[in-house]
Amino acid sequence: GEIVGFARQARFPLLGCEYVCDFVVWWKDGRVTVEDTKGKRTDTYIVKIKQFKELFPSIEFVEL
């Protein structure tokens with residue numbers, strides 16, 4: 001009952017590229033989280049996450 005919706009493989013535009021997350025979750029309390037699982041944090045991934053956090057500050061990023 002805490003989750004009101006979710007999407008898989010959502011795409012977010014970044015500067016010159018895009019970030020594809022594993023899940024976007026919309027919570028009952030109004031929060032939105034982007035959740036991602038990675039086996040290895042590549043340099044490209046780290047740059048994309050930094051850009052994502054700067055461009056979408058109201059969305060919480062969760063790395064599982």
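Values reported hereafter were calculated over all heavy atoms of this structure, with side chains retained and with hydrogens, waters and symmetry mates removed.
We find the CD1-CZ distance between Ile3 and Arg31 to be 9.5 Å, quoted to the nearest 0.5 Å.
One hydrophobic cluster, built from ILVMFWY side chains closer than 4.5 Å, cannot hold both Ile59 and Val25; they sit in different ones. No single ILVMFWY cluster, assembled from side-chain heavy atoms under 4.5 Å apart, contains both Val62 and Val32. Residues Tyr45 and Leu14 share a hydrophobic cluster, clusters being chains of Ile/Leu/Val/Met/Phe/Trp/Tyr side chains in contact below 4.5 Å. Tyr19 and Leu55 end up in the same hydrophobic cluster when Ile, Leu, Val, Met, Phe, Trp and Tyr side chains are linked at under 4.5 Å.
Counted within 6.0 Å of NZ on Lys38, heavy atoms from surrounding residues, nucleotides or ligands total more than 12; the atom is thus considered enclosed. Atom CG of Asp29 sits in a crowded spot, with more than 12 heavy atoms from other residues, nucleotides or ligands closer than 6.0 Å.
Counting only heavy atoms from C-beta outward, the side chains of Asp36 and Phe23 never approach each other to under 4.5 Å. In this structure the side chain of Arg8 never reaches within 4.5 angstrom of the side chain of Asp22, judged on heavy atoms. Considering only heavy atoms from C-beta on, Thr33 stays 4.5 Å or farther from Phe61 through its side chain. Between Glu60 and Val34 the shortest side-chain heavy-atom distance does not fall below 4.5 Å. Looking only at side-chain heavy atoms (C-beta outward), Trp27 and Val4 stay at 4.5 Å or farther from each other. The side-chain heavy atoms of Cys17 and Lys48, taken from C-beta on, include a pair separated by under 4.5 Å. Gln51 is listed as a side-chain neighbour of Leu15, based on a closest heavy-atom distance under 4.5 Å.
Ring planes of Phe12 and Phe56: perpendicular class, angle over 60° (limits at 30 and 60°).
A salt bridge is defined here as a Lys NZ or Arg NE, NH1 or NH2 lying under 4.0 Å from an Asp or Glu carboxylate O, and Arg11 with Glu18 meets this definition. Ion pairing of Arg41 with Glu63 is present here, as a side-chain N (NZ or NE/NH1/NH2) and a carboxylate O approach within less than 4.0 Å.
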